[in-house]
Amino acid sequence: MSKRIVVTGWLPEPALDILRQAGEVEVHQGQLAPEQVRDAVRGAHAVVSMVHIKVDQELLAAAGPQLEVVANVGVGYDNIDVAAAAARGVTVTNTPGVLVDATADLTIGLMLMVTRRLGEGERLLRARRPWSFHLGFMLGTGLQHKTLGIVGMGRIGRAVCRRARAFGMKVVYNSRRPLPEQLEAELGVYHLPLDELLSSSDVVSLHCPLTEQTHHLIDQRALELMKPSAFLVNTSRGAVVDEKALVKVLQERRIAGAALDVFEREPQVEPELLEMDNVVVVPHLGSATTETRTSMAELAARNVAAVLSGDEPLTPVRA
Ligand code: 8YV
């Protein structure tokens with residue numbers, strides 16, 4: 001009997017081709033309510049989950065005991081109750097590696113947008129407001145010789161670090177596990193306690209996963225440690241930042257600006273953020289290139305194919 005593979009969102013064709021060789025594929029697109037997802041996965045042997053789909057006890061129970069694998073299309077897997085899956089013998093996989101460059105590129109793009117006021121400038125022209133060049137017009141902040149503080153020095157953090165060093169920035173970092181000395185030397189970085197990183201950086205960029213420990217890691221207290229001239233960039237997960245506290249410190253001008261790719265209650269965005277000229281907001285585009293999304297989807301599909309045929313998955317998530 002052919003195995004049933006349920007896909008919970010749009011997937012590029014090359015990935016679907018891989019899945020079709022592994023079983024019977026059913027794609028559910030559009031904004032699915034949790035009960036619609038539960039209905040969709042009933043009887044599935046494999047679920048390809050998108051990062052906004054909550055894979056919890058209820059969903060796993062709805063799927064049934066034949067479920068073998070949940071393949072997340074994303075490196076982050078905070079949407080999945082990994083322990084609950086493990087308890088049911090369900091393999092969980094993610095897509096590390098393939099999205100490192102795309103996410104690091106976007107981070108630098110956001111950093112430039114917010115420090116050089118690019119969104120603000122574009123809005124000015126699109127509003128057809130009068131302007132004229134003068135030496136003091138729309139001055140931003142240069143990155144050269146400034147300090148970038150990277151929170152979370154995994155593969156994406158390191159890729160951002162390399163790019164920032166090429167821009168002439170100094171880089172400090174904070175990570176659960178500090179890097180080996182040799183790698184620190186190669187990257188030209190050193191580890192700092194989080195508070196020190198926050199108080200000494202000109203740009204703080206977040207690259208840690210969302211876990212119980214990192215939920216609201218950047219809260220009111222943390223934000224108030226930042227310099228009034230500093231910028232916050234978040235391409236990790238929205239809930240790493242207390243978004244309401246961020247609104248408050250921005251309104252009080254306690255930091256200079258923020259550039260956000262992710263939000264605490266996606267797809268909602270705190271409305272005040274949309275009103276502020278020193279805030280850049282984009283809709284979760286970290287890995288959104290055709291090449292990267294295709295690679296992510298193919299990796300997820302290969303993980304499904306491996307597990308359904310009794311092989312080891314390529315990129316398992318350990319409980
Ligand atoms: C996007 C991500 O969420 O991989 C992650 O964890 O956040 C991003 O890559 C993903 O591409 C959305 O499907």
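Both counts, for ligands and for their atoms, begin at 1 and track the order of listing. Bear in mind the structure is a predicted one, so any value in this text is a computation, not a measurement.
- A salt bridge links R163 to D105: one of the charged nitrogens lies within less than 4.0 Å of a carboxylate oxygen.
- In this structure, atom 13 (O) of ligand 1 lies nearest to the protein heavy atom V73 O, 3.6 Å.
- The shortest non-hydrogen separation linking E264 to A239 is CG-CA, 3.6 Å.
- Near R237, the atoms of ligand 1 lying under 4.0 angstrom from a non-hydrogen atom of the residue are 2 (C), 5 (C), 6 (O), 7 (O).
- At least one N/O-N/O distance between R293 and ligand 1 falls below 3.5 Å.
- Judged by distance alone, the side chains of T141 and D202 never bring a donor and an acceptor atom under 3.5 Å apart.
- Heavy-atom distances between M50 and ligand 1 stay at or above 4.0 Å for every pair.
- Which parts of ligand 1 touch L99 is read off a 4.0 Å heavy-atom cut-off, strictly below it: atoms 4 (O), 9 (O).
- Side-chain contact check for N79 and N72: at least one donor-acceptor pair (N or O, by modelled atom type) lies under 3.5 Å.
- At least one N/O-N/O distance between G76 and ligand 1 falls below 3.5 Å.
- Close contacts of ligand 1 with S287, meaning ligand atoms under 4.0 Å from a residue heavy atom, involve 1 (C), 8 (C), 9 (O), 10 (C), 11 (O).
- Using a 4.0 Å cut-off between a side-chain N of Lys or Arg and a carboxylate O of Asp or Glu, E224 and R254 qualify as a salt bridge.
- With respect to E186 and R162, a salt bridge is recorded, a charged nitrogen being found less than 4.0 Å from a carboxylate O.
- Applying the 4.0 Å criterion to heavy atoms of H284 picks out, from ligand 1, the atoms 1 (C), 2 (C), 3 (O), 7 (O), 8 (C).
- Two residues are said to be in side-chain contact when any heavy atoms from C-beta on lie closer than 4.5 Å; I5 and E26 fail this criterion.
- When V51, V75, I53, T292 are ranked by how near their heavy atoms come to atom 4 (O) of ligand 1, first place goes to V75.
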